[in-house]
Number of protein chains: 2
Amino acid sequence: MLVVALDPPVREKGRRKTSLLVEELDKYVSGYKIGLPFLIKHGRRGIRELRKSTEKPIIVDLKLADIGDVMAEVLRHLARLGVDAVIAHAFTGYTGALEDLSKASMATGVGLIIVVSMSHRGSEEYIDRHVDEFLELAARIRAKGVVAPATRPRVIRHVREVLGDTVEIYSPGIGIQGAEPGSALCAGANYEIVGRLITRSGNPGETARAIREMQLERWLKCRG
Amino acid sequence: MLVVALDPPVREKGRRKTSLLVEELDKYVSGYKIGLPFLIKHGRRGIRELRKSTEKPIIVDLKLADIGDVMAEVLRHLARLGVDAVIAHAFTGYTGALEDLSKASMATGVGLIIVVSMSHRGSEEYIDRHVDEFLELAARIRAKGVVAPATRPRVIRHVREVLGDTVEIYSPGIGIQGAEPGSALCAGANYEIVGRLITRSGNPGETARAIREMQLERWLKCRG
């Protein structure tokens with residue numbers, strides 16, 4: 001139920017090596033998410049090393065939003081590095097975009113997770129006006145999951161109502177961005193994504209353990 | 001008027017080295033565009049090497065579409081590698097997204113180019129329904145340029161009408177994707193972006209020269 005976003009600030013030096021961080025975190029988490037800052041800093045070699053240091057799922061969050069050819073090419077390459085899923089935007093549409101990406105996803109077995117809403121306020125300007133269309137699209141391409149932010153629990157509940165248990169819901173926005181651990185799970189998410197709260201902690205393993213406990217406690221309360 | 005997209009197929013081996021390709025192309029082109037396939041294959045070292053091999057503008061096209069913090073972080077890192085501009089989507093909105101990216105752009109001098117329409121058919125599903133809002137947004141954040149596809153000249157003409165000469169227009173979609181060299185310039189674009197037609201040619205320098213000639217010829221005709 002806890003996915004850790006491992007992205008480092010690109011300029012920061014002397015941080016824990018990713019493999020050491022993963023060693024501390026591995027027993028508390030369901031998987032890892034890495035994005036552009038990780039890719040720029042560590043390159044594909046960094047992804048390979050992360051793959052060697054854990055058997056938990058690795059989700060690559062480049063928020064793909066390009067034409068189909070380019071996205072499929074990127075996905076096929078990530079497949080060879082052993083990643084488990086990629087995150088793509090819905091707003092580039094089906095024809096010539098997610099259509100091609102989903103074919104590459106099925107051919108390689110790399111899962112596709114689709115952004116249907118984001119955690120920042122600007123998500124309401126355009127993205128959130130299309131949530132229902134994006135959910136139809138997610139169903140059409142048989143997405144493994146969707147991203148819906150913990151900062152907007154109403155959207156999470158809506159996703160769960162519309163798509164039932166056919167997709168996993170991943171929720172960023174816990175911690176620094178304002179939502180409390182467990183709150184997205186209570187709204188219907190499967191996974192809460194936590195980044196800096198854990199990776200910038202003096203004791204990441206202990207922080208991850210404590211967040212899991214908070215998640216469980218809140219979840220048990222809202223279910224009961 | 002000609003920008004070359006240098007992205008290599010990630011898996012292809014034994015291609016010309018980027019620096020050799022650039023040496024052949026440099027006198028015919030206005031700049032270079034690189035994206036995720038380039039970044040995955042060559043890493044930040046590849047960007048540094050490209051920077052060393054040309055004084056022409058380097059545009060990094062990651063089609064940024066993340067929360068503001070992440071996009072600003074990526075832009076600041078690319079600034080240190082000497083890139084001249086980045087391409088971002090308009091879709092993520094202003095507040096907490098392009099707002100932060102444009103501040104980082106002004107602070108670093110790295111230009112911001114905003115996607116207002118794309119070359120694939122799926123662009124009509126969501127993106128193209130917001131073109132006018134995206135143009136307002138581009139003006140608001142003082143974007144250096146916008147991306148509008150050669151495959152949709154009507155959109156290019158519309159951008160030019162609405163924003164006048166306050167922005168540069170970059171047009172992908174020439175060549176493999178169907179539009180003819182010069183056609184986007186005639187509709188009002190400043191730059192046509194050409195990729196595979198040049199990079200997969202047996203003689204990239206000669207192909208670039210020939211495309212420039214086709215651009216000029218068509219442009220002179222449509223202006224006359």
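Here is how names work: the chains are called A, B, and so on, in the same order as the sequence lines, proteins then strands, and each is numbered from 1.
- For CD of B/E168, the number of neighbouring non-hydrogen atoms (other residues, nucleotides, ligands) closer than 6.0 Å is greater than 12.
- For the set A/A90, A/G122, A/G35, the count of heavy-atom pairs under 4.5 angstrom toward chain B peaks at A/G122.
- Among A/R45, A/E125, A/M71, the residue with the largest count of heavy-atom pairs under 4.5 Å with chain B is A/E125.
- Distance check, rounded to the nearest 0.5 Å: CG of A/D7 to CD of B/E73 gives 9.0 Å.
- Neither the backbone nor the side chain of B/I47 has a heavy atom closer than 4.5 Å to any heavy atom of chain A.
- In this structure, the side chains of A/R196 and B/D69 come closer than 4.5 Å at one or more pairs of heavy atoms.
- Of all non-hydrogen atoms in A/A65 and B/H89, the two that sit nearest each other are O-NE2, 2.7 Å.
- No more than 12 heavy atoms of other residues, nucleotides or ligands sit less than 6.0 Å from atom CZ of A/R121.
- Listed options A/L64, A/L81, A/T95 were ranked by heavy-atom pairs under 4.5 angstrom with chain B; first place goes to A/T95.
- With chain A as partner, the option from B/P172, B/G43, B/S123, B/G93 having the largest number of non-hydrogen pairs under 4.5 angstrom is B/G93.
- Heavy atoms of B/T92 lying under 4.5 Å from chain A belong to its backbone as well as its side chain.
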Would A/D66 and B/M118 count as a side chain to side chain contact (heavy atoms under 4.5 Å, CB included) if you check the C-alpha gap in whole Å, the side-chain angles of each, and the deciding distance to 0.1 Å?
CA-CA 8 Å; A/D66 214 316; B/M118 292 177 72; 4.3 Å; yes
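- A pairwise comparison of heavy atoms in B/K41 and A/R44 identifies O-NH2, 3.5 Å as the closest pair.
- Rounding to the nearest 0.5 angstrom, the gap separating the CD1 atom in B/I67 from the NZ atom in A/K63 is 7.0 Å.
- Although no hydrogens or angles enter the test, the distance criterion places no donor-acceptor pair under 3.5 Å between the side chain of B/H120 and the main chain of A/G68.
- More than 12 heavy atoms of other residues, nucleotides or ligands shown are found within 6.0 angstrom of CD on B/E99.
- A salt bridge links B/R129 with A/E133: the distance from a Lys NZ or Arg NE/NH1/NH2 to an Asp or Glu carboxylate oxygen falls below 4.0 Å.
- In B/R51, the CZ atom is crowded: over 12 heavy atoms of neighbouring residues, nucleotides or ligands sit closer than 6.0 Å.
- Nearest heavy atom pair, residue B/H77 against residue A/I40, reads CD2-CG2, 2.7 Å.
- In this structure, the side chains of B/L62 and A/L62 stay at 4.5 Å or more apart for every pair of heavy atoms.
- Contact annotation for B/L39: only side-chain heavy atoms (C-beta onward) come within less than 4.5 Å of a heavy atom of chain A.
- Aromatic ring pairs are classed by plane angle as parallel below 30°, tilted from 30° to 60° and perpendicular above 60°; the pair A/F91 and B/F91 is parallel.
- Neither the backbone nor the side chain of B/L98 comes within contact range of chain A; no heavy atom of the residue lies under 4.5 Å from a heavy atom of that chain.
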Take A/F134 and B/Y126, measure what ring pair (Phe, Tyr, Trp, His ring centres under 6.0 Å) needs, and give me the verdict at the end.
CA-CA 10 Å; A/F134 291 170; B/Y126 310 109; 4.9 Å; yes
